[in-house]
Amino acid sequence: MTGRFDPAVADVRWQKTWDEKRCFIADPDSGKPKAYVLEMFPYPSGRIHMGHVRNYTMGDVLARYKRMKGHEVLHPMGWDAFGMPAENAAMERGVHPDGWTRSNIAAMRDQLKRLGFALDWSRELATCDPEYYGHEQALFLDLYEAGLVYRKESEVNWDPVDMTVLANEQVIDGKGWRSGATVERRKLSQWFLKITDFADELLDGLESLEDWPDKVKLMQANWIGRSDGLRFRFKLAADGADADYPWVKAGLAAAPEVEVFTTRPDTIFGASFVAVAPDHPLARAVAAENPDAAKFVAEARSVGTSEEAVESQEKSGFLTGIEAVHPLEPEWRLPVWIANFVLMEYGAGAVFGVPAHDQRDFEFASKYELPIRRVVARPDQDASTPIGDAAEPGEGVIVNSKFLDGLSVEEAQDAVIRRAEEQGWGTRETAYRLRDWGVSRQRYWGTPIPIVHCNSCGPVAVPRDQLPVLLPTDVSFDMPGNPLDRNEGWRRTSCPECGGEALRETDTFDTFVDSSWYFIRFASQPIDKAFDPSEAEQWLPVGQYIGGVEHAILHLLYARFWTRALRRIGRLDIEEPFNGLFTQGMVTHETYRAGDGSWLSPDEVTKTGDDWVRIVDGTPVSSGRVEKMSKSRRNTVDPEPIVDKYGADAVRWFMLSDSPPERDLEWSEAGIEGAARFVQRVWRLASGDTGGEGKDRDLQRKLHRTIAAVGEAIEALQFNKAVAQLYELVSAMEKAAPSAARTEAVRVLVRLVAPMAPHLAEDCWERIRGDGLVADAPWPAFDPALLVEDQVILAVQVNGKLRDTLRAPRGLDRAAAEALALASDKVQRQLAGAEPRKVIVVADRLVNIVA
RNA sequence: GCGGACGUGGCGGAACGGUAGACGCUGGGGACUUAAAAUCCUCUUCCCGGAAGGGAGUGCGGGUUCAAAUCCCGCCGUCCGCACCA
């Protein structure tokens with residue numbers, strides 16, 4: 001039989017067949033065990049990129065494998081369709097965000113379909129569909145009514161380029177995650193979701209996520225940043241005339257105290273100062289009275305929170321002249337400073353400084369010559385050992401600390417907290433780094449926040465029967481800012497409560513709200529509500545979720561929160577949305593630069609000998625490091641022409657080969673060529689002579705071992721290992737003479753490659769007259785008895801070094817193995833007449849002779 | 001600074017503490033062909049050697065073990081996350 005597998009014909013043909021037979025429509029009532037395989041849905045930028053191809057190929061292999069193993073598989077696809085790029089396109093090209101987004105979706109859907117993914121397109125959704133965001137508005141109101149939403153004027157991260165607010169999670173090194181602009185501080189009224197109410201749950205829940213990467217769990221744990229400690233109050237010394245105290249003048253007379261939070265209450269006798277944040281009420285009170293203080297506060301606040309600012313900024317403080325009373329030593333006074341390193345948002349917005357055992361306090365004390373007093377000593381130190389040129393934050397025994405002396409750090413912490421609680425000046429408390437999630441965005445292309453602002457009633461929820469609050473279509477993008485603010489016709493409305501004049505909320509949701517529940521909507525999509533809990537619970541939690549690690553904190557934390565919030569308000573009985581998580585690596589490519597330093601794309605350059613040159617004029621090109629494919633580096637490779645040239649299966653196969661899926665995959669022409677060759681080799685095996693009688697025990701064993709190994713590798717998401725196994729099997733089959741075993745091997749091979757190269761597999765299946773579609777065929781079973789060889793190769797070592805390998809029957813006993821090894825010429829030569837002192841035998845593996 | 005991951009041929013990478021380098025790519029040699037493409041065979045960690053064979057070898061230095069890429073200790077390097085978090 002001659003000819004070649006022709007993907008141009010086969011791809012279209014089988015995609016059509018799967019579609020017509022509704023192969024991948026998930027049926028909740030099939031009675032089969034359910035499996036929910038999900039990849040992070042894409043933003044409809046207009047074209048798919050190699051990262052999508054890799055991501056969706058991995059999910060597809062798993063989905064198809066699970067189907068073959070007898071599961072009812074839910075493997076849906078949709079569009080994370082709201083967001084800035086649509087508005088940018090509107091501003092740059094005058095197209096409407098809706099039209100732009102819709103046509104992008106149509107283009108990308110076609111591209112995805114060409115790759116033959118086993119997706120249930122009947123459940124496709126886009127977050128910009130009113131049917132989707134309307135339900136989201138209702139869910140938001142549910143949370144609002146349950147007290148999990150609040151509005152507050154707060155200092156926010158303002159992106160001056162995108163002209164919107166960013167969540168803390170979206171500020172990377174002090175810059176906006178999309179625009180890269182340095183983020184400013186602004187005061188705005190914002191809607192917040194109470195994610196901090198779930199801090200403990202979200203942290204503790206991580207422990208149940210056994211099939212998540214440790215790295216991601218750790219990142220989330222660090223992000224939540226739980227610290228256990230003591231919150232306590234310092235009384236402010238009021239020894240002089242009351243009226244002079246700044247807090248009295250500032251109207252704070254009722255609270256002549258300052259509260260601090262510490263994780264090291266054991267070091268309380270090492271305190272040498274108290275410091276408050278520049279935003280602290282006490283600091284403001286002082287600033288109101290003292291121009292120097294006001295100047296200091298203003299300067300401290302003007303410094304950004306960017307990395308450079310924080311690193312280069314020296315610790316500095318302003319001595320207020322106020323004194324705090326040590327809670328355990330009433331005669332002991334500590335100076336109160338305003339310090340630029342104290343954050344108002346964390347803990348109590350004030351700290352007490354222990355220079356000996358905290359590096360930051362140490363630096364501050366060194367600068368202002370404050371006492372540095374040891375209160376913890378390591379075994380090689382005592383109470384009088386001076387502190388060197390750095391703080392000692394570690395463990396030890398408490399010294400110089402009255403009733404705490406001799407206790408361990410941990411014991412002393414307990415003792416101080418207990419005493420504080422008994423005496424009523426402090427309480428055990430847990431502080432978190434996590435802040436509430438600000439979800440307001442000053443953008444058009446997002447889900448409208450379903451709130452109306454009434455002059456007399458304040459913010460009022462839009463009644464359910466008026467949902468969805470639709471985005472108006474008559475908007476203009478001819479000036480910066482949010483077009484909703486300028487759309488009076490849409491904005492003006494009446495108050496649902498009093499009927500008076502009111503204005504709609506013009507902010508829209510952060511798009512991470514949209515992606516916080518789409519996996520639930522995939523599982524159940526009734527018309528009249530967001531989801532039906534009993535139907536959704538049949539599929540959820542997602543069995544395997546696959547996506548990029550860049551969402552380790554943002555999306556994955558928000559989705560966990562949203563799921564738990566729905567549970568708390570009784571809407572869905574699921575604790576964690578994603579049972580298994582896999583974060584795949586990026587697709588990378590070499591970068592190229594012309595002589596003038598500009599980036600060149602891979603199709604502008606060619607290699608002549610060892611050097612790269614520009615195709616147009618032959619000028620030399622320098623090849624740079626391998627980096628993530630990106631537009632700015634111009635090192636992207638568009639999947640579409642690759643699929644045209646090699647077919648979907650070769651692309652899929654290459655995406656799974658070589659690199660372990662969690663690591664980066666370097667795109668190479670040679671790699672895709674190799675994958676295309678493999679596709680043809682399989683096709684030739686299935687098209688070749690299938691006659692032949694008789695057994696081939698070696699091939700049969702190889703086959704059964706491969707079935708076991710490939711299944712195991714797919715389940716562990718080690719696709720590169722599955723690929724290597726299949727290469728070995730194909731190689732062995734090509735070398736084997738025709739036999740019944742070989743014929744059987746072809747039938748099995750086709751099914752083993754089906755999850756990875758489904759079009760090829762269908763074509764082969766048809767040629768060998770398999771029943772129905774290979775997509776519906778059961779995964780081949782293996783015979784455990786055939787996994788073991790009856791001949792083994794024994795490694796023979798002398799003093800741990802390999803000297804010989806010997807073929808031996810399986811199950812040889814110690815003495816026989818030893819005798820066999822000692823009979824080896826090579827061993828005898830190494831021993832040179834010496835008597836073995838000891839012989840180690842590992843059954844069926846090796847013999848080590850120690851001389 | 002804190003936390004984490006990783007370090008194996010020319011390259012991507014395999015390797016329950018038990019034959020290091022599977023498999024793929026690249027490269028060399030060969031077969032088929034008028035020629036090419038396609039395909040197939042073969043070699044490809046390094047050093048000495050014609051070969052047989054020998055030696056070295058998993059970032060570096062120690063250790064545990066009959067046996068270490070794998071376990072332990074200490075360095076060095078690369079990457080990622082967080083970052084004045086009290």
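Residue numbers start from 1 in every chain, and the chains themselves are labelled A, B, ... in the order their sequence lines are given, proteins ahead of strands.
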Phosphate-side-chain proximity, Ser657(A) and rG12(B), N/O vs OP1/OP2 below 4.0 Å: no
Under-4.0 Å side-chain N/O to phosphate OP1/OP2 contact, Tyr346(A) with rA86(B): yes
Counterpart base for rG1(B), defined by Watson-Crick or G-U wobble contacts under 3.5 Å: rC82(B)
Touch class at under 4.0 angstrom, heavy-atom based, for Val342(A) against every strand present: base
Watson-Crick/G-U partner (both atom distances under 3.5 Å) of rA22(B): none
Anti/syn call for rG9(B), syn if |chi| within 90°: syn
Nearest-neighbour nucleotide for the Lys826(A) side chain, rG53(B), rA86(B), rG12(B) considered: rG53(B)
Quiz item: Arg264(A) side-chain donor-acceptor pair to rA86(B) base, under 3.5 Å: no
Below 4.0 Å: OP1/OP2 of rA56(B) and any side-chain N or O of Lys801(A): yes
Gap in Å between the two P atoms, one belonging to rG21(B) and one to rG28(B), rounded: 25 Å
Electrostatic pair Lys645(A):Glu669(A) at N-O distance under 4.0 angstrom: yes
Of Gln718(A) and Thr805(A), the one whose closest RNA chain B nucleotide lies more 5': Gln718(A)
Paired nucleotide for rC71(B) [Watson-Crick or G-U wobble; both distances under 3.5 Å]: rG63(B)
Rounded distance in Å between the C1' positions of rA69(B) and rG13(B): 14 Å
Rounded distance in Å - CD (Gln830(A)) to C1' (rG55(B)): 12 Å
Touch class at under 4.0 angstrom, heavy-atom based, for Gln725(A) against every strand present: nothing
Who pairs with rU39(B) - Watson-Crick or G-U, where each distance is under 3.5 Å: rA31(B)
Per Lys721(A) side chain, nearest of listed nucleotides rA14(B), rC82(B), rC85(B): rA14(B)
Value in whole Å for how far the C1' atom of rC80(B) lies from CZ of Arg663(A): 14 Å
Sugar-phosphate only, base, or nothing, as touched by Leu218(A) at under 4.0 Å among non-hydrogen atoms: sugar-phosphate
Any strand: nucleotide that pairs with rA56(B) via Watson-Crick or wobble, under 3.5 Å: rU45(B)
Between rC16(B) and rA67(B) - C1' atom distance, rounded Å: 15 Å
Gap between atoms CZ and P, on Arg360(A) and rA83(B) respectively (whole Å): 15 Å
Sugar-phosphate only, base, or nothing, as touched by Leu794(A) at under 4.0 Å among non-hydrogen atoms: nothing
Proximal nucleotide (of rA67(B), rG13(B), rG54(B)) relative to the Arg829(A) side chain: rG54(B)
Atom pair distance, as rounded to whole Å: CD in Glu345(A) and P in rC85(B): 13 Å
Nearest-angstrom distance, C1' atom, rG7(B) to rG12(B): 15 Å
Asp414(A)/Arg428(A) ion pair, N-O < 4.0 Å: yes
Charged tip of Arg4(A) within 45° of Trp683(A) ring normal and under 6.0 Å: no
Residues forming a side chain to side chain contact (heavy atoms under 4.5 Å, CB included) with Glu712(A), sequence neighbours excluded: none
Nucleotide rA15(B), atom P - distance to CG of Leu802(A) in whole Å: 20 Å
P atoms of rU65(B) and rC84(B), separation to the nearest Å: 47 Å
Inter-nucleotide P distance (rG9(B), rC41(B)), Å rounded: 28 Å
Donor/acceptor link under 3.5 angstrom from Lys315(A) side chain onto base of rC84(B): yes
Touch class at under 4.0 angstrom, heavy-atom based, for Gly225(A) against every strand present: nothing
Euclidean distance, atom CZ of residue Arg433(A) to atom P of rC85(B) [Å, nearest integer]: 11 Å
Separation between the P atoms of rA36(B) and rC11(B), rounded to whole Å: 32 Å
Tyr727(A) side-chain proximity, nearest of rG24(B), rC84(B), rA67(B): rG24(B)
Pair Trp425(A) + Phe234(A): ring centers closer than 6.0 Å: no
Value in whole Å for how far the P atom of rC25(B) lies from CH2 of Trp653(A): 12 Å
Phe364(A) and Phe273(A) aromatic ring geometry - parallel, tilted or perpendicular at 30°/60° bounds: tilted
Sugar-phosphate, base or nothing in reach of Arg226(A), heavy atoms under 4.0 Å: nothing
Sugar-phosphate only, base, or nothing, as touched by Val850(A) at under 4.0 Å among non-hydrogen atoms: sugar-phosphate
side-chain hydrogen bond (donor to acceptor under 3.5 Å, both in side chains) involving Glu410(A) - partner list, sequence neighbours excluded: none
side-chain hydrogen bond (donor to acceptor under 3.5 Å, both in side chains) between Thr430(A) and Asp228(A), worked out: CA-CA 4 Å; Thr430(A) 302; Asp228(A) 295 310; 2.8 Å; yes
Glu662(A) vs Asn799(A), nearer the 5' end of RNA chain B by closest nucleotide: Glu662(A)
Nucleotide nearest Ala724(A) (side chain, heavy atoms from C-beta), chosen from rA86(B), rC16(B), rA22(B): rA22(B)
Distance test, side-chain N/O of Asn720(A) to OP1/OP2 of rG24(B), below 4.0 Å: no
Contact state string [nucleotides 38-48 of chain B, B base, S sugar-phosphate only, - no protein heavy atom under 4.0 Å]: SSS--------
Thr196(A) versus Asp436(A), side-chain donor and acceptor atoms under 3.5 Å: yes
Ring centers of Phe352(A), His326(A) separated by less than 6.0 Å: no
Separation of atom CD in Glu728(A) from atom C1' in rA22(B), rounded to whole Å: 6 Å
Passing candidate, salt bridge (charged side-chain N to carboxylate O under 4.0 Å, His left out) with Glu734(A), options Arg681(A), Arg742(A), Arg684(A): Arg681(A)
C1'-based separation of rG4(B) from rA83(B) [nearest Å]: 14 Å
